[in-house]
Amino acid sequence: MKILQSIDIFPVLLTLAAFRVGQLCQQKWKKPVFNPTLIAAILVIAFLLITGFETKAYNAGMGKLSWLMTPATISLAIPMYEQFQVLKKSLKAIAAGVAAGTISCMLVVFGAGALLRFEDALLLSLLPKSVTTAIGVSLSELFGGMGGVTTAAIIITGILGNMMGPALCKLFGITDEVAQGVAFGTSAHVIGTAKANEISGLTGAASSLSLVVAGLLTAVLMPVIAGLM
Amino acid sequence: MKYLSQFLRITAFTLAGELLQRVIPLPVPASVYGLTLLFAALCLGVVKLEQVKDAGGFLVSILPILFVSPAVGILENWGLIQGVVIPLLLLIALSTIVTFGIAGRVTQVLNKRGKQDEDSAKH
């Protein structure tokens, strides 16, 4: 273990292998619960706990890759631009839907979290829970939240939105394809978008656009809501 | 070599985002500045879709792998959340349902209204 802990490529290899296992599970069972990121994280955590491999050494190895996160997040502008072209006619409705959804999400988290007497650091970690991990984690850490909790909350949110989405569309009477996409993208980011893509191309496009807009809007609203604490 | 020039462009937007974050005294991640700038550049035609699409598509596709390491970070935060796991999950479920319903309903109502206006304008 000591030798492996000194080799930075080992955590990278471990993460890639764990992600590959997660991907194979998802291909086999085709359920959102088998989210490759979630499975990979569980496998890596199990490995660290069982072997006693130091978390610090794992982070040091993965840290060499973390600079990729910013350019990768910036590249979300590309699908956003493509969807923007397709959805030009519905932009106002989409903007209003994303704004209403994002504001209610943050208010519900803030209100319920305060009622449950969650600590500030926990509450701050949960506020960006409906947006894409790329933006959510940096927001959480910028405001003093915990990146690990935020990532877990974001993935669980995505899986729930993906699984409950079709039933929620019926429950709330959401029949319009664009509106369904906005619901998936605003509430359940990329993982919800996977389900939206199964419904129709238009729904998927609306979902992809909404998830980026929701991320940007959450960045704008974070200081306002955090200011209430 | 098309990837080289595409990566170069995206890296330049990343640097711009990082610089803005350091210059502007607001709690906004560098990625949000960079994303906004790249989107604006695409809309204005300063950057063409083909000039960033392949490298950008690759970067977007590896995002889920990059999230593994932050997710593993929950190990370090476990002490703070272990007592509140159930309420935490309930809060996540509740807020997801509310967000889904409100975002969908608001869009549907406005989108229908928009379509009706368009139809009545035609008649």
Side-chain angles (χ1 to χ4, degrees), chain A residues 15 19 36-37 40-41 44-45 55 62 68-78 80-81 90 93-94 96-98 100-101 104-105 108-109 112 116 122 130 133-135 137-139 142 146-149 151-153 156-157 160-161 168 172 174 176 178-179 182-183 186-187 216 219 223, chain B residues 10-11 13-14 17-18 26-32 34-36 38-39 42-43 49 52-53 56-57 59-60 62-77 80-81 84 87 89 91-108 110-112 114:
Chain A
T15 308
F19 192 86
T37 304
V44 170
I45 288 175
T55 313
M62 291 308 288
L68 276 166
M69 189 88 94
T70 308
T73 310
I74 288 174
S75 300
L76 286 172
I78 300 163
M80 180 184 176
Y81 173 73
S90 309
I94 294 173
V98 174
S104 3
C105 178
V108 168
V109 171
L116 291 164
L122 183 55
S130 272
T133 317
I135 295 175
V137 171
S138 23
L139 277 177
L142 216 50
M146 301 166 285
V149 176
T151 310
I156 295 168
T157 297
L160 285 176
L168 291 177
F172 293 112
I174 307 168
D176 182 79
V178 173
V182 173
T186 309
S187 69
L216 297 175
Chain B
I10 294 171
T11 310
F13 277 93
T14 310
E18 296 281 358
L26 287 175
V28 174
S31 56
V32 169
L35 198 165
T36 313
L38 179 56
F39 180 70
L42 284 164
C43 287
L49 197 56
V52 284
K53 202 179 169 182
L59 285 169
V60 169
I62 62 163
L63 266 172
I65 305 175
L66 297 177
F67 299 149
V68 175
S69 156
V72 170
I74 200 166
L75 257 186
E76 287 159 25
N77 312 134
L80 191 68
I81 61 164
V84 289
L89 290 175
L91 184 152
I92 291 174
L94 173 74
S95 60
T96 306
I97 294 169
V98 171
T99 310
F100 193 100
I102 291 183
R105 286 300 305 183
V106 168
T107 311
Q108 178 157 300
L110 293 176
N111 205 23
K112 271 192 187 142

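Sequence lines set the chain letters: A, B, ... in the order given, protein chains first and strands last, and positions in each chain run from 1.
Across every non-hydrogen atom of L91(B) and A112(A), the tightest pair is CD1-CB, 3.8 Å. Of all heavy-atom pairs between G101(A) and I102(B), the closest is N-CG2, 4.1 Å. When every heavy atom of A103(B) is checked against every heavy atom of V182(A), the shortest pair comes out as O-CG1, 3.9 Å. Contact detail for P29(B) and L139(A): the closest heavy-atom pair is CD-CD2, 3.8 Å. Counting all heavy atoms, side chain and backbone alike, S31(B) lies closest to I74(A) at O-CG1, 3.6 Å. The minimum heavy-atom distance linking G104(B) with I174(A) is given by the pair CA-CD1, 3.7 Å.
Using a 4.5 Å cut-off between heavy atoms, L142(A) contacts chain B through its side chain alone, with no backbone atom that close. Contact annotation for I81(B): only side-chain heavy atoms (C-beta onward) come within less than 4.5 Å of a heavy atom of chain A. The part of L63(B) that comes within reach of chain A is its side chain, from C-beta onward, which places non-hydrogen atoms under 4.5 angstrom from that chain. Neither the backbone nor the side chain of T11(B) comes within contact range of chain A; no heavy atom of the residue lies under 4.5 Å from a heavy atom of that chain. The parts of V32(B) that come within reach of chain A are both its backbone and its side chain, each placing non-hydrogen atoms under 4.5 angstrom from that chain. Heavy-atom distances place both the backbone and the side chain of L76(A) under 4.5 Å from chain B. Contacts of P36(A) with chain B are absent, with no heavy-atom separation under 4.5 Å from either backbone or side chain. The contact between T186(A) and chain B is made by backbone and side chain atoms together, counting heavy-atom distances below 4.5 Å. For a residue to count as touching a neighbouring chain, one of its non-hydrogen atoms must lie under 4.5 Å from one of that chain's; by this rule T15(A) touches chain B with the side chain only. Heavy-atom distances place the side chain of T151(A), and not its backbone, under 4.5 Å from chain B. Contact annotation for F19(A): only side-chain heavy atoms (C-beta onward) come within less than 4.5 Å of a heavy atom of chain B.
Ranked by non-hydrogen atom pairs under 4.5 Å with chain B, the options G147(A), P71(A), C105(A) are led by P71(A). Most heavy-atom pairs under 4.5 Å with chain A: of the set C43(B), A30(B), P64(B), this distinction falls to P64(B). Interface summary for chain A: among L75(B), N77(B), L49(B), L110(B), the most heavy-atom pairs under 4.5 angstrom belong to N77(B). Ranked by non-hydrogen atom pairs under 4.5 Å with chain B, the options A134(A), A219(A), A40(A) are led by A134(A). With respect to chain A, the highest number of heavy-atom pairs below 4.5 Å among V106(B), L38(B), I74(B), V84(B) belongs to I74(B). Interface summary for chain A: among V28(B), I10(B), V60(B), I65(B), the most heavy-atom pairs under 4.5 angstrom belong to I65(B). When L160(A), L68(A), I45(A) are compared by the number of non-hydrogen pairs under 4.5 Å with chain B, I45(A) comes out ahead. When each of K112(B), R105(B), Q108(B) is scored by its heavy-atom pairs under 4.5 Å with chain A, the top score falls to Q108(B). Among I97(B), L26(B), I62(B), V52(B), the residue with the largest count of heavy-atom pairs under 4.5 Å with chain A is I97(B).
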Between V72(B) and M62(A), is the side chain to side chain contact (heavy atoms under 4.5 Å, CB included) condition met? List the steps. CA-CA 11 Å; V72(B) 170; M62(A) 291 308 288; over 6 Å; no
